[in-house]
Every structure is written in C-alpha cells, then in structure tokens.
Protein chains: 2
Amino acid sequence: MFISKSCSYGIRSVAYLSGYPQGRYVPIRDISSDLNISYHFLTKILQMLTAANILISSRGAGGGVALAREAAAITLYDLIIAIDGDELFTGCLLRLPGCGTKTPCPMHQEWDVARGKVNHFCCHTSVTGLKQHMLLLAANPASDL
Amino acid sequence: MFISKSCSYGIRSVAYLSGYPQGRYVPIRDISSDLNISYHFLTKILQMLTAANILISSRGAGGGVALAREAAAITLYDLIIAIDGDELFTGCLLRLPGCGTKTPCPMHQEWDVARGKVNHFCCHTSVTGLKQHMLLLAANPASDL
DNA sequence: CAAATAAAAGACTCTTTTATCTTAAATTAA
DNA sequence: TTAATTTAAGATAAAAGAGTCTTTTATTTG
C-alpha cells in the first residue's frame, strides 16, 4: 500500500475541486457527500492541506475550501507529503532498522532506481485528469470496486 | 510506506536464515532475540511463510524453521505476497474506489511504468545480500536509526 | 514412558488509523 | 444584533496493526 486512506481522500478532494475555478470556495459538506467520505473526518484531512498552503479556507456562509493555486500546479507529491509525510519518498524500502545515509542497506542503491520512477511520477503528475474519471464513476457507481 | 512492519520482520528473518545451510532448522527464539523482534509475534509471521512453502518448520528439540529452498531463489516478491498480499503489486496507486480493470483511473496506465520498476526490483531481488548488512549493524547497533 | 524442547494456537493488551459526534469560533446576511 | 452557515477543534469510539502472554500439540531425548 503506497498511501494511506486519508491521503487518498485528500487527493480525491483536490481532484474534485479542480472542477471549479481556482479560489472558488466549495463547502466541505458538498465534497464529502459527493465523494462518500465522512464529513468530519474529511474536515481534518483538508485542514492539513490548508496548513500546507495547498488549499485556502473560509468560514461562514459562502465559505468552504478552495484551491490555493491552479490545479495543474498541485502534484501528487505535494499532497502525499502534506498528508502522509515523506516516508514514501525517503524511507528504507524494507524498513530495516539502522538503514540510513550512514549505513544504507545493500538494497538502498538498487532500490533508488525503482523509487526514482515513483518519485518522478508523483512529482510530475497533477490531479487534473482525475475529475472526469470521478464523474464517470458517479454515473455508474457499481462498476468494479 | 511500501510494506508492513510484519513484512519487514519476515524479510529480515529470511535474510537471517540465509546465513545457514538450506534445510537447517533454527529456533525462532534465536531469530527473534538476534533481530530484536518479539518472539510470539514473529512466530505468527513465520507461520505465514511456512504456509506459503517458503519455510519449513519442525517442532520439538532440534526443531525450528528452515529455508524450504535456497535463499537466492526466494525473492522479495515472494515474501511480500506471502505476508502483505498482492495489493502493492496490483492495487490502485491512489486507492480510488472503482479503479480496476474495467474502469481504470486515468493514472493507472502511466503509473504502471513506475510500478513496473518496483515489481521488477522485487521479483529479481533475493535477500542474500542483507545478511552481511545485519551483521554490520549488530556490531554497531547505534549507527543511525 | 517422562521430561524437555519448540512450533502452533488462542486470548488478551496497546497503539495507530479511521470514523463519529459534539462544541466552539468565525463569517455572512437579514 | 441575531440567526444561519461553515470551518476548527475536541472528545469518543470502532477497526486494524502490532505486541504480549498462556496453553496446546508435536517431537526428541534420556
């Protein structure tokens, strides 16, 4: 499992927001009900993205959360770092105790090739393409879970 | 985080066993104390590897667990599948609901390039090289955790 | 056979993640 | 200013992962 469920929720929410103009506030309630995610739980996750300056938020009527910059400028890397931290991109594949810069495990170097591909993908992929897929699923929710 | 802690324990145990002749029984107690892993917990993990025909086990005096085949023929892929299942190798990167063969998410195809590297690495890497690293760490346990 | 050894199995605890529910604070609008 | 709206914050609970402890079963040895 590459990312946590929370992180998945965050990514889907940003994809959802990419369907709106940048800076346009959308209530978290709308996001949570459209994506079938617990409202209060999503609130906490999106707070992490607000703290990371990926979203902006506004309380009160007409408020909600909004993209802080254009969707194309928000990468998977940004979202994963904000919610799951950097473990995926820097930690030891085998979770070996003592594997670090001083005494890297024998696989560290070889593994870096594979991880490099993962990093590159996450750093060069935004969520813009996901919006349409989510709409398709909403139209046919029983597809293949 | 790519693999679970349990999976890491399993991998380290097989690396440990690779220091013994194939088929030679080693008590789980020895493995657990040398690797600083809870004995009873490790017992359950190694049972998974026994069930997967990666290890063989023998009860009673002189018993323990042993490699069922030569260490070089046991890959990370085998161990991860046996303990964590195939999610890492087949699941949706973004854990999107409804992402599967029928309605793959837009990233599925691109992601497969990066995942292919991960799969290839795990399928072509055995744990033989880890034994020496573990010995180094045992000699200098305070290195860099 | 009896005792010692060691894996297997089961019950239980602790921690982290995920989820729910309630209250507080800020903002808007009438 | 009062009421409605909506994020923020806090407490609590359920589920899963990780770890501990006890009992059972199988095997070997004396």
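Sequence lines set the chain letters: A, B, ... in the order given, protein chains first and strands last, and positions in each chain run from 1. As a basis for the values below, the full set of heavy atoms in this structure was taken, side chains included, without hydrogen atoms, waters or symmetry mates.
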Going through the checks in order, is the side-chain hydrogen bond (donor to acceptor under 3.5 Å, both in side chains) test met by S6(B) and S4(B)?
CA-CA 5 Å; S6(B) 292; S4(B) 70; 4.6 Å; no
Tell me the closest heavy-atom pair linking A68(A) and N53(A), and the distance in Å.
CB-O, 3.5 Å
Basic-acidic side-chain contact under 4.0 Å: D78(B), R69(B):
yes
[N], OP1 or OP2 - any side-chain N/O from [X] closer than 4.0 Å?
X: Y25(A); N: dT27(C); answer: no
X: S6(A); N: dT18(C); answer: yes
X: S38(B); N: dT20(D); answer: yes
X: Y39(A); N: dT7(D); answer: yes

L93(B), V113(B): one ILVMFWY side-chain cluster at the under-4.5 Å cut-off?
no
Assess the residue pair Y16(A) and D34(A) against the criterion (side-chain hydrogen bond (donor to acceptor under 3.5 Å, both in side chains)); give the C-alpha distance rounded to whole Å, side-chain angles, the decisive distance to 0.1 Å, and a yes or no.
CA-CA 9 Å; Y16(A) 180 93; D34(A) 283 353; 2.5 Å; yes
The answer to which of K5(A) and H40(A) contacts DNA chain C further toward the 5' end, by nearest nucleotide, is K5(A)
K44(B) (side chain) and dG10(C) (base): donor-acceptor pair under 3.5 Å
yes
Give, ordered by number, those residues of residues 79-95 of chain B having at least one heavy-atom distance below 4.0 Å to an atom of DNA chain D; if nothing qualifies, reply none.
none
Below 3.5 Å between N/O atoms, which protein atoms pair up with nucleotides 25-30 of chain D? Just atom names and distances, please.
| from | atom 1 | to | atom 2 | distance (Å) |
| --- | --- | --- | --- | --- |
| dT25(D) | O2 | R59(B) | NH1 | 3.0 |
| dA26(D) | O4' | R59(B) | NH1 | 2.6 |

Would you indicate which nucleotide in dA19(C), dT7(D), dA8(C) comes nearest to any side-chain atom of S57(A)?
dT7(D)
Of the listed nucleotides (dA6(C), dA8(D), dA8(C)), which one gets closest to any side-chain atom of Q47(A)?
dA8(D)
